[in-house]
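Before any comments, here is the structure.
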Number of protein chains: 2
Amino acid sequence: MTDDRWQPPSVLLAVDLVILTLRDARLHVLLVERGVEPYQGAFALPGGFLHDEGEAIEAAARRELAEEAGLFDMHLEMIGVYGEPGRDPRGRVVSVAHLAIAPRLPDPIAGTDAVSACWTPVEDVLSTSAHVRLAFDHRRILADGVDQARAKLEHTSLATAFCGETFTISELQQVYEAVWGVRLDPRNFYRKIQSARGFIVAAGPMRHAQNGRPARLFKAGPSQALYPPMVRSAQTGHDVRGGHAAEVAPEGG
Amino acid sequence: MTDDRWQPPSVLLAVDLVILTLRDARLHVLLVERGVEPYQGAFALPGGFLHDEGEAIEAAARRELAEEAGLFDMHLEMIGVYGEPGRDPRGRVVSVAHLAIAPRLPDPIAGTDAVSACWTPVEDVLSTSAHVRLAFDHRRILADGVDQARAKLEHTSLATAFCGETFTISELQQVYEAVWGVRLDPRNFYRKIQSARGFIVAAGPMRHAQNGRPARLFKAGPSQALYPPMVRSAQTGHDVRGGHAAEVAPEGG
DNA sequence: CGAATAGTGTCTTTCAGACAATATATT
DNA sequence: AATATATTGTCTGAAAGACACTATTCG
């Protein structure tokens, strides 16, 4: 199929980060203002190139998480690969997008060398009449990341990653409401969560911020899987991940 | 963070394919025997390097699908990225793994230039006492691909990709039974499938191979999402995808 | 006490799972 | 007729969703 002198082309490998958190009961994503071309001055997802040829991909993602957001030890998982030939004017750049979930944090992000980093409501970027435009194909990456987070709330314990070490059941409910954009009945949610085996375990009582009866504290349980799953009653006919596939690389290990 | 002369490293980009199909009511994967080093003579997933710098990743996957398996127009979706620094002795090779689903096909794969391609029961590769060893990290890629297929049967219409243009409900049931490795009640399955809105639509009657009442024919419906979802009653406490994340590349678009 | 949140109990509907019964084909 | 598969119907238990009600805090 190819002649003997053919050599495979090489590409630049990057990582991009969709870092989500909850602020004011709304889902926010961390954006940075680009200081260099291309797209200088535009907002973009944090990310960057592999540091050296021996750096593992996840290691690069965690390095960027620390360098650009000052965040450590967070939940991190892969979203997918974005490598369309024309997506970056600097050449063939293939980016591995990652989803990171941050617990509630103090407003200013400490230790960030990108001073321009700021939390932005996801809605302001993804809504049809969005007023925030992102560089590259980062709007799609964000959309895919949010979709993945929404889907995983259904049958994994991902929601606890949005909370601190300990949390109340109503805090957990706020996570579902913010990420899914729905309202849930607190009483049914309470029973549902407790019936999910291994999802949460008790961790002592607490008093609430303002008024009302104090709530019990819990921490994340051992189960990664969530059974029975949390179900979004009315499926919002959105497209399911897959159908648009990715592409690349033969004979490789 | 880096000095002015720093240049990002480049990597070789590959695609690998987990091509699944049903044969004798068992899940099979297409393997090829490697003709060159490394791992010469060992079995591996079909795949290869990007053909040229301008080739899209999905295009490369479809090209390999045609070249190595003689397959066209199949369901194709991304599994993930495998780029551990030491995974390929030839250097830093990052592979984008894809999942392809093939409908029932005649035994020999026509038009394949890799004559060594053969369908192998997935169980023979993944069972703890497996007698088929794969090159590189292809065993893990296969495991991840099969997990992804299993998960997607629950809430998408992926199962129809295993069938031909038209199919009977019992054929669809065989897909679930083979991929999940469980036995399902035909009567409950029948009602369940028909209650899923937009999953399948009628396509005229047929007669069955041997004996028994002829079954109605259906074809895939418009829905990609499956609601209500098919549920695997007893969650086999397997690890949920995620938790082990991927890594790489900053400042990239 | 009144307001607000936490937590429990109950009822109705929906759906999964078991399984009887009927329908329509082949040999 | 015997056998085999397709399709429908019925019943039971688990769980979702609606919602009344009790418990415990603060001001």
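The chains referred to below are lettered A, B, ... by the order of the sequence lines, with proteins before strands, and numbering in each begins at 1.
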>> I need the CD-P distance between Glu171(A) and dT5(C), as an integer number of Å.
In response: 13 Å
> Across the strands shown, which category fits Ser170(A) at heavy-atom distances under 4.0 angstrom: base, sugar-phosphate, nothing?
Replying inline: sugar-phosphate
>> Nearest to the Arg216(B) side chain among dT7(D), dT8(C), dT5(C), which nucleotide is it?
In response: dT7(D)
Table of protein N/O atoms under 3.5 Å from nucleotides 18-20 of chain C N/O atoms:
from    : atom 1 : to        : atom 2 : distance (Å)
dA18(C) : N7     : Asn188(B) : OD1    : 3.3
dA18(C) : N7     : Asn188(B) : ND2    : 2.9
dA18(C) : N6     : Asn188(B) : OD1    : 3.1
dA18(C) : N6     : Arg191(B) : NH2    : 3.1
dC19(C) : N4     : Asn188(B) : OD1    : 3.4
dA20(C) : N7     : Arg187(B) : NH1    : 3.2
dA20(C) : N6     : Arg187(B) : NH1    : 3.4

> Looking at CD of Glu154(B) and OH of Tyr176(B), how far apart are the two atoms once the value is rounded to the nearest 0.5 Å?
Replying inline: 9.0 Å
> To the nearest angstrom, how far is Met230(B) atom CE from dA16(C) atom P?
Replying inline: 8 Å
>> Counting neighbours of CD on Glu123(A) that are heavy atoms of other residues, nucleotides or ligands and sit closer than 6.0 Å, is the number greater than 12?
In response: no
>> What's the closest nucleotide to the side chain of Ala215(A) if the choices are dT8(C), dT24(C), dG7(C)?
In response: dG7(C)
>> Tell me the interatomic distance from Arg213(A), atom CZ, to dA6(C), atom P, rounded to whole angstroms.
In response: 10 Å
>> What is the separation between atom OH on Tyr227(B) and atom P on dA16(D), rounded to the nearest whole Å?
In response: 11 Å
> Starting at the 5' end of DNA chain C, which residue's closest nucleotide do you reach first, Pro214(B) or Gln194(A)?
Replying inline: Gln194(A)
> Are the side chain of Glu64(B) and the backbone of Pro46(B) linked by a donor-acceptor contact shorter than 3.5 Å?
Replying inline: no
>> Rounding to an integer number of Å, can you tell me how far Phe218(A) CZ sits from dA6(C) C1'?
In response: 11 Å
>> It should be established whether Lys192(A) places a side-chain nitrogen or oxygen under 4.0 Å from OP1 or OP2 of nucleotide dA16(D).
In response: yes
>> Using whole Å, what does the distance between atom C1' of nucleotide dG7(C) and atom CD1 of Ile169(A) come to?
In response: 9 Å
> Between CD1 of Ile193(A) and OG of Ser170(A), what distance do you get to the nearest 0.5 Å?
Replying inline: 11.5 Å
> Salt bridge between Arg26(B) and Asp24(B), side-chain N to carboxylate O under 4.0 Å?
Replying inline: no
>> Nearest whole Å is fine: how far is dG7(C) P from Met206(A) CE?
In response: 11 Å
> Which residue lies toward the 5' end of DNA chain D, Leu217(B) or Gly212(B), if each is placed at its nearest nucleotide?
Replying inline: Gly212(B)
> Are the side chains of Asp16(A) and Val18(A) in touch, meaning some heavy atoms are under 4.5 Å apart?
Replying inline: no
>> Tell me the interatomic distance from Gln173(B), atom CD, to dT5(D), atom P, rounded to whole angstroms.
In response: 12 Å
> salt bridge (charged side-chain N to carboxylate O under 4.0 Å, His left out) between Arg104(B) and Glu171(B): does it pass, once the steps are laid out?
Replying inline: CA-CA 11 Å; Arg104(B) 223 173 295 273; Glu171(B) 281 169 1; 5.7 Å; no
